[in-house]
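As structure tokens, the structure follows; a few thoughts come after it.
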Amino acid sequence: MNNRRMIAIEYEQVSKQFSKNAKPSVDRVSAQIEEGEFITILGSSGCGKTTLLKMTNRLLDPSGGRIILFGQDISTVDPVTVRRRMGYVIQQIGLLPHMTVEENITILPKLMKQDRETVRSRARQLLSMVQLDPDTYAARYPSELSGGQQQRVGLARALMPDPKIMLLDEPFGAIDAITRISLQNELLRIHRETKKTFLLVTHDINEAMKLGMRVMIMDKGRLLQFDTPHNIIRHPADPFVEALIRSAYEQQSFWEGVQDD
Amino acid sequence: MLQDCLNYIQGNGSDIALRIADHMKISLIALFAAILIGVAGGYAASVSRRGEKWIMNLFQILRVIPSLAILVLLIPVMGVGMKPAVTALSILAIPPILTNTCVGFMEVPPFMLESAKGIGMTEWELLLHVRFPLALPLILAGIRSALVEVIASATLAAKIGAGGLGEIIFTGLGLNRTDLLLIGSILVGMLSLGSLGIFSLIRRILMPYKYRRAV
Ligand SMILES: Nc1ncnc2c1ncn2[C@@H]1O[C@H](COP(=O)(O)OP(=O)(O)OP(=O)(O)O)[C@@H](O)[C@H]1O
Ligand SMILES: [Mg+2]
């Protein structure tokens with residue numbers, strides 16, 4: 001690559017051990033993520049995906065190694081400041097039930113005393129970006145939205161501070177297959193439009209391969225392979241990766257078998 | 001009988017009004033004190049695991065002692081009048097508020113805190129905009145049951161010279177006059193219902209999201 005881009009996130013031998021005797025949940029992970037990349041983290045339950053993501057915005061601190069964001073070691077930055085520079089979306093969304101959609105999206109900029117009108121118009125703009133009509137939805141409470149609509153609001157809330165990095169932990173895990181596909185496509189569109197760096201955790205191999213420009217495959221806290229979907233499928237670096245790909249093929253051949261009948 | 005009641009009301013209107021005012025005054029002061037102590041104590045209990053057991057147990061025990069006993073026990077310490085009455089009623093009102101507050105704070109779902117923290121709220125903002133509002137429905141439910149208990153028990157305050165509707169009831173008991181008993185009890189009941197009505201109005205204002213129907 002000639003026109004070298006900035007390194008947005010650098011993991012340097014990052015480990016996390018929750019207690020002295022426990023096995024490390026994240027085990028010496030090293031990786032570099034360039035600005036504007038869409039990265040997915042794939043692995044089975046308990047392999048350390050969430051832990052790695054939470055260390056990236058200092059919800060957790062590593063027990064070993066360093067995490068560097070745009071050249072800055074985040075252990076030297078106040079955790080709240082780190083988080084305010086990043087978007088964060090989780091599966092359970094976590095919209096506050098006592099606030100309207102608009103209030104949920106604008107709570108943080110308002111707490112930071114940003115100009116109300118600017119904040120408001122940006123909120124409306126973001127609602128449109130996630131395909132929710134502001135006039136219809138801004139004044140609703142979260143309980144008056146479907147799960148898919150709530151996650152759109154969750155995305156808008158994360159985009160509010162115009163962060164350079166977006167962290168998403170199984171954002172569509174609780175959403176039906178059809179809605180999930182359209183949300184995935186919208187995420188790709190938002191990525192194209194905003195050129196932010198996306199880091200998305202999933203245990204769905206199809207989702208990981210579809211969304212990720214490169215995919216991090218993890219198992220038992222280790223990073224097994226970090227490459228483009230193409231290279232991973234062509235050259236699986238590990239028996240676990242091979243098994244993962246085989247499982248996807250088996251699923252696909254089931255569907256093909258059904259079609260042939 | 002009904003005629004007796006009406007006659008009494010007509011003849012003693014200002015007296016009854018005074019009793020109602022006293023009754024509400026004692027009750028509301030006691031409730032207010034109990035809210036301050038109960039909410040602060042409940043929050044403190046929810047924060048520290050060991051503190052939780054301690055404080056909750058203490059107030060469970062207090063709850064078992066009949067309010068009349070507390071009243072009588074307070075006389076040697078505080079004498080008679082409003083002070084001991086309000087104190088006894090507060091002690092009665094604290095447990096439901098404290099317990100509910102503690103449970104309310106402890107049951108805030110971890111994912112709510114995680115997502116709010118994840119977008120960059122400070123601990124203080126988390127308390128103000130997440131923990132407290134999410135605990136509020138339970139806190140208010142605790143205050144509501146305290147309110148009912150306090151208004152009913154404030155009747156006993158008359159026993160130690162603090163006034164209130166108990167005066168009418170105890171006079172009725174002393175003179176064996178059913179009309180007075182009836183008036184006293186009905187008025188206490190009406191105060192109870194009235195306060196509950198006002199209370200649900202306050203709830204509506206504090207938590208509009210609980211009342212709006214799905215669009
Ligand atoms: N707060 C914690 N205290 C102790 N152990 C923890 C804690 N959080 C996670 N772990 C452990 O760390 C390991 C990795 O957990 P993590 O949540 O990162 O997995 P994951 O890959 O996100 O799994 P899933 O797909 O189920 O969400 C697990 O074994 C888990 O039990
Ligand atoms: Mg996880």
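Convention: sequence-line order gives letters A, B, ...; per-chain numbering from 1.
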Given heavy-atom pairs under 4.5 angstrom as the criterion, report whether the side chain, backbone, both or neither of E123(B) touches chain A. neither
Side chain, backbone, both or neither: which part of R157(A) has a heavy atom under 4.5 Å from chain B? side chain
Between M207(B) and chain A, which part of the residue has a heavy atom less than 4.5 Å away: side chain, backbone, both or neither? neither
Which atom names give the shortest non-hydrogen contact between I41(A) and M218(A), and what distance separates them? CG2-SD, 3.7 Å
Looking only at non-hydrogen atoms, find the nearest pair between L223(A) and A31(A) and report the distance. CD2-CB, 4.0 Å
Heavy-atom pair count under 4.5 Å with chain B, highest-scoring of V89(A), T100(A), I107(A): I107(A)
Within a 6.0 Å radius of atom NZ on K83(B), are there more than 12 heavy atoms belonging to other residues, nucleotides or ligands? no
Please check: side-chain N/O of H129(B) versus main-chain N/O of W124(B), any donor-acceptor pairing under 3.5 Å? no
Tell me, out of I90(A), T81(A), V82(A), who's got the most heavy-atom pairs with chain B below 4.5 Å. I90(A)
Between N57(A), L95(A), L108(A), I93(A), who has the most heavy-atom pairs with chain B when the cutoff is under 4.5 Å? L108(A)
Salt-bridge present (R180(A), D204(A); N to O < 4.0 Å): yes
Contact summary for G79(B) and P84(B), nearest pair of heavy atoms: O-CG, 3.2 Å
Heavy-atom distances under 4.5 Å only: say whether M99(A) touches chain B with side chain, backbone, both or neither. side chain
